[in-house]
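Atoms within each ligand, like the ligands themselves, are counted from 1 in listed order. Keep in mind that what you see is a predicted model, and the values were worked out from it rather than measured.
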Amino acid sequence: MQIHNLSETPSILNTFISEIRDKVIQNDSMRFRRNIERIGEILGYELSKSLSFEAHNVSTPLGIANTTMHKNDIVLCSILRAGVPLHNGLLNYFDAAENAFISAYRQHKHNPESFEIVVEYLACPSIEGKTLILADPMLATGQSMVATFEALKPFGTPKEIHLVSVIGAQKGVDYVAKAFNAETHLWIAAIDDTLNDKGYIIPGLGDAGDLAFGIKLQQ
Ligand SMILES: O=P(O)(O)OC[C@H]1O[C@H](OP(=O)(O)OP(=O)(O)O)[C@H](O)[C@@H]1O
Ligand SMILES: O=c1cc[nH]c(=O)[nH]1
Ligand SMILES: [Mg+2]
């Protein structure tokens, strides 16, 4: 797996990442969602540089402009709930993308340390031979990303796979690196060192789904 960690080069992205992490600013859920969205736009722009481009001529009122356009058939799949604002950010740039949505949530058993990922809702077009973008803002243990990819297999074999996350734990990055092939790309805004015993990224930002859409009663 080819890892593109955008934090390696300082940019305006640092501001947006610090705001979603900030224990005061993050409580403005509108700002939190908007920051996840614009981080998605930046990740999408960087991802777009790796797509396949072909010659394209544009007729202007005054002549012909020679340029190139990407020719990838993109399917943008995001993981509910926290994936929604990230999905919107990516869709802002990949206007022609097809869309897929999946619910993959942590179902805690008798204690908060142990959980399994429950995949239920899945709405997806064919991904056969297409460019699959799999988006989830948090890459903690990596189980949600892998469970989602398993659930997508009946929909076809993508030509290429791009994983998109905002904050990851090194453990989650290592876990998905084992589950996806060498050609898979991971586009991520920051990689943190550790996970706590509840599977939360440290220092991370807390619970992305709750910060975006409010707390939920545990199922
Ligand atoms: O890499 P993992 O260990 O799988 O953890 C990452 C997942 O955990 C969180 O989902 P959560 O179950 O909190 O659902 P939510 O997005 O609805 O809050 C987060 O939104 C990711 O989807
Ligand atoms: O740190 C984490 C880990 C998983 N899910 C979150 O929302 N935050
Ligand atoms: Mg959550």
Residues 199-207 side chain polar contacts: donor-acceptor under 3.5 Å, at least two apart:
residue, atom, partner, partner atom, Å
Y200, OH, D207, OD2, 2.7
D207, OD1, G209, N, 3.0
D207, OD1, D210, N, 2.9

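- Here salt bridge (charged side-chain N to carboxylate O under 4.0 Å, His left out) pairs that include residues 38-58, with residues two or more places apart or in two chains, are E19-R38, R34-E41, E46-K49.
- Proximity to Q143 (heavy-atom distance under 4.0 Å) selects the following atoms of ligand 1: 1 (O), 4 (O).
- For atom 10 (O) of ligand 1, no protein non-hydrogen atom is found at a distance below 4.0 Å.
- For the pair Q26 (side chain) and I20 (backbone), a donor-acceptor distance under 3.5 Å is present.
- Side-chain contact annotation: D193 with Q170, donor-acceptor N/O pair under 3.5 Å absent.
- At a heavy-atom cutoff of 4.0 Å, ligand 2 is surrounded by R106, M138, A140, G199, Y200, I201, G206, D207, A208.
- Ligand 1 has no nitrogen or oxygen under 3.5 angstrom from a nitrogen or oxygen of Y105.
- Taking the centre of each ring, F149 and F180 come in below the 6.0 Å mark.
- With a 4.0 Å cut-off on non-hydrogen atoms, T141 touches ligand 1 through its backbone as well as its side chain.
- For R33 (side chain) and L211 (main-chain N/O), no donor-acceptor pair under 3.5 Å exists by modelled atom type.
- Atoms of the protein (N, O or S only) found under 2.8 Å from the Mg ion (ligand 3) are D207 OD1, D207 OD2.
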For Q143 and T141, what are the C-alpha separation, side-chain angles and deciding distance, and is it a side-chain hydrogen bond (donor to acceptor under 3.5 Å, both in side chains)? CA-CA 5 Å; Q143 292 176 79; T141 65; 2.9 Å; yes
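- Counting heavy atoms under 4.0 Å from ligand 1, residue K216 touches it through the side chain alone.
- At a 4.0 Å heavy-atom cut-off, ligand 1 does not touch A208 at all.
- Ligand 1 has an N or O atom lying under 3.5 Å from an N or O atom of D207, backbone or side chain.
- Nearest heavy-atom pair across T9 and N14 is O-OD1, 4.4 Å.
- Here E98 pairs with K130 in a salt bridge; the nearest charged N to carboxylate O distance falls below 4.0 Å.
- Distances from atom 8 (O) of ligand 1 to the heavy atoms of H108, K171, R106 put R106 nearest.
- Some N or O of A140 is nearer than 3.5 Å to an N or O of ligand 1, by distance alone.
- For the pair G142 and ligand 1, the shortest N or O to N or O distance falls below 3.5 Å.
- Set against the non-hydrogen atoms of D136, the atoms of ligand 1 under 4.0 Å away are 20 (O), 21 (C), 22 (O).
- By heavy-atom distance, the residue among G168, S144, A212 lying nearest atom 7 (C) of ligand 1 is S144.
- Annotation: cation-pi pair R106/F115 present, NZ/CZ under 6.0 Å from the ring centroid and within 45° of its normal.
- Closest to atom 6 (C) of ligand 1, if we only count protein heavy atoms, is M138 O, 3.4 Å.
- The single protein non-hydrogen atom nearest to atom 20 (O) of ligand 1 is A82 CB, 3.5 Å, given as residue, atom name and distance.
- Using a 30° and 60° split on the angle between ring planes, H70 and F94 fall in the perpendicular class, above 60°.
- With respect to atom 17 (O) of ligand 1, the closest heavy atom belonging to the protein is R81 NE, 2.7 Å.
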